[in-house]
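Letters A, B, ... are given to chains in the order of the sequence lines, protein chains preceding strands, and every chain is numbered from 1.
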There are 2 protein chains.
Amino acid sequence: MSFVNLRQLAGELGLSSSTVSRAMRDSYEISTATRERVQTVARQLNYQPNPFAGSLRNNVTKTIAVILPQLDNHFFSLAINGIEEVAQQNGYHVLIYLTHDSGEQEKAVTKYLTSGRVDGILLALASGTRGVGHLEKLKLLGVPIVQFDRVSETLRTATVTTDDYASSYQATEHLIKAGCRTIAHLLVSESLSIGSKRLKGYQAALEAHRIPFDAGLVLNGRGSNDNNLRRITQLLEQRPEIDGIFAAVERLALSSYLACQRLGRAIPQDIKIVGFSNMETASLLAPSLTTITQPAYAIGKEAARILFQAIIKHKPVLPAHSLELKSELIARASTAGPLR
Amino acid sequence: MSFVNLRQLAGELGLSSSTVSRAMRDSYEISTATRERVQTVARQLNYQPNPFAGSLRNNVTKTIAVILPQLDNHFFSLAINGIEEVAQQNGYHVLIYLTHDSGEQEKAVTKYLTSGRVDGILLALASGTRGVGHLEKLKLLGVPIVQFDRVSETLRTATVTTDDYASSYQATEHLIKAGCRTIAHLLVSESLSIGSKRLKGYQAALEAHRIPFDAGLVLNGRGSNDNNLRRITQLLEQRPEIDGIFAAVERLALSSYLACQRLGRAIPQDIKIVGFSNMETASLLAPSLTTITQPAYAIGKEAARILFQAIIKHKPVLPAHSLELKSELIARASTAGPLR
DNA sequence: CTGTTAGCGCATTCAT
DNA sequence: ATGAATGCGCTAACAG
């Protein structure tokens, strides 16, 4: 597909292909004169080395894979921005795979990758994943993996996460201090690390403030947004004493916001909401929504950075390289101008 | 990197590598017995063909590239969802590149791709792009390109877009019929196809309703969100007679929404806003915001589909294959419950 | 400093 | 129906 290959270029120059190869790679054993001549002609002929020949030869693909549940989520969009930037800096290419939170799809994707297609993997676990055998296999094959945000506890790799426990504790405490006594928790899949950690932070804050934990206030937000909206509305109707909501992910925060609007529950006078959200504008559009914002961009960057260090140094990514970044609780003083 | 290659597998089976190769590809000249034996053992040994050897041999990469301005935008996130789905269906891998709307970055990316790294390209043009020479070169090399959403008029390829002109006309007319007489237009880069088409739709609607066009009401929304917010606020202060806003992209719609809030302009009583937005929840969070929603997911799917047809049939992607999909104007009856 | 040669893993002739 | 030989484009070991 390239117009000209190494041999043709060498022919044009009256040199052997190995000399040209070396000249192109700035080898020390090539005279400056020939190197420059080679590179000039290469540019003229628009020579581009075939990346697959190189990969075949060197077992280096200059490519990483990013495996994600979805993209309809601000966290992941921002994370990819960070990943892609670091990848470009390192001269790497980024393959993207979406699992739609299905364990099966995740397995299928990892299977593609057992062929040595990539030098490393960045992974945010699907909520539908049960075992991690497919990932262990990849590790065994020597493919470095760095997990971010949604990580498996059993798979021993470096991880980049946020302070899920601490920020959830803080969020719940924020509600308690604002006077809430009956606080619902909208959960992501419990099998997900972020799910259980955020739940634990919520429970711990309740306990610290001597509020009994009530499992009936915990709603597992699976399924479509519409479905969640319905179920949240139901919960709020059944338990009218609820005066606070802590939502563990963006879409549940928004759904609960809508549910309150529809039920005519004034926010934040009548009921208060705190939710994880990385949508820059969400907290602005919904001024009464207090948000926990994760440094999504930084998480992507750091995860990629850790991965590249492992790739370049040919060292495994150890759990010890893990990082936990801080989220930010943004409590808006709902001071927006008149609306409606 | 794979544990076992074709030769080793052949050795294990007591066959030649060529037989095994044929058996794996279901060649007709292999007995059913051996074929099944081969495939069983291959599965047991977890044989995965080296994709680069295949690419080198066949000039087929099973990979496409998606080049985008950003990802901090709902349209592109959704589009990728569609693209990735179609790619998976066709057994293809997806490389992603972000240009951050810089023409230079776009050039750099296309340069990578002149090496035959991909079988085809899906492109949403950077607003910073001036010439399309870099893309012409790719076309010349025989790499099929399908443009979507932000397309160049000069580069002759298939495009997948929405009815930018018609929906902008409709949006503007919606405002006029709602009683607006002084309608501001918040524009994306004029050099972008979507920019000029949406502007023209706006102008045509004004003209049809005998409202003179006033260039002072057109604001070119470049730069950061904060910067845009400031400039929009300024415009609204300088021209208090403005009673309608038509925003050509999501982030400008949100910024204008915020600007109105801050200035204490009641929406929609005092001032009405219509904006392009693909954020499912935006129009819900901001019930008084009327939105034009593009079928982003479908656009991604269609663009990918057109590309794969070209790739599979080894035919060029002609402009004749272009598609224009319909957007949807969602005028919310602002019936949300009490808020604040 | 430069050329010759071999081999990465696979698919595909061409033989048998 | 199967095997032997060749080459895709490149790099590196081994000469000189």
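Nucleic acid contact class of A/T34 (heavy atoms, under 4.0 Å, all strands): sugar-phosphate only. Residue A/R25 is in sugar-phosphate contact alone, with no base atom involved, counting any heavy-atom pair closer than 4.0 Å across all strands shown. Within 4.0 Å (heavy atoms only), B/L6 reaches sugar-phosphate atoms of the nucleic acid but no base atom. Residue B/S31 is in sugar-phosphate contact alone, with no base atom involved, counting any heavy-atom pair closer than 4.0 Å across all strands shown.
No side-chain donor-acceptor contact under 3.5 Å links B/Y47 and B/N5.
Side-chain atoms of B/S21 lie closest to C/dT12 of the nucleotides D/dC8, C/dT12, D/dT2. Of the candidates D/dG7, D/dG9, D/dG3, the closest approach to any side-chain atom of B/R57 belongs to D/dG7. Comparing C/dG3, C/dT12, C/dC10 by their closest approach to the side chain of B/S18 singles out C/dT12.
Rounded to a whole Å, the CZ atom of B/R35 is 12 Å from the C1' atom of D/dA1. At whole-Å resolution of the value, CG in B/L13 and C1' in D/dG3 are 15 Å apart. One interatomic measurement links the two molecules: CE of A/M24 to C1' of D/dC10, which rounds to 12 Å at whole-angstrom precision. Remark: P of D/dG9 and CG of A/N58 are 17 Å apart, rounded to the nearest angstrom. Whole-Å rounding puts the B/E29 CD to D/dG3 P distance at 12 Å. Here the C1' atom of nucleotide C/dC8 and the CG atom of B/L56 are 9 Å apart, to the nearest Å. Between A/R7 atom CZ and C/dG3 atom P there is a gap of 15 Å when expressed in whole angstrom units. Atom CD of B/Q48 and atom P of C/dC10 are 11 Å apart (whole Å).
Dashed line: the shortest gap from a side-chain N or O of B/N50 to OP1 or OP2 of C/dC10 is not under 4.0 Å. The phosphate of D/dT2 (OP1 or OP2) has no side-chain N or O of B/Y28 nearer than 4.0 angstrom. Contact annotation: B/S16 side-chain N/O to D/dG3 OP1/OP2 distance is under 4.0 Å. Regarding contacts with the backbone of D/dG3, a side-chain N or O of B/T19 is found under 4.0 angstrom from either OP1 or OP2. Between B/Y47 and C/dG9, a side-chain N or O to OP1/OP2 separation shorter than 4.0 Å is absent.
Looking at B/K107, B/E106, B/Q105, B/H134 one by one, the single match for side-chain hydrogen bond (donor to acceptor under 3.5 Å, both in side chains) with B/T129 turns out to be B/E106.
Residue-to-nucleotide contacts include a donor-acceptor pair under 3.5 Å from the side chain of A/R22 to the base of C/dG3.
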### Query
Step by step, would you call A/I80 with A/L71 a side-chain contact (heavy atoms from CB on, under 4.5 Å)?
CA-CA 9 Å; A/I80 289 196; A/L71 222 48; 3.7 Å; yes
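Between A/H74 and B/H74, the ring planes lie tilted relative to each other; the angle falls in the 30° to 60° range.
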Table please: side-chain donor-acceptor pairs of residues 300-317 of chain A below 3.5 Å, with sequence neighbours left out.
residue, atom, partner, partner atom, Å
A/E302, OE2, A/R305, NH1, 3.2

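More than 12 heavy atoms of other shown residues, nucleotides or ligands fall within 6.0 angstrom of atom CZ in A/R35.
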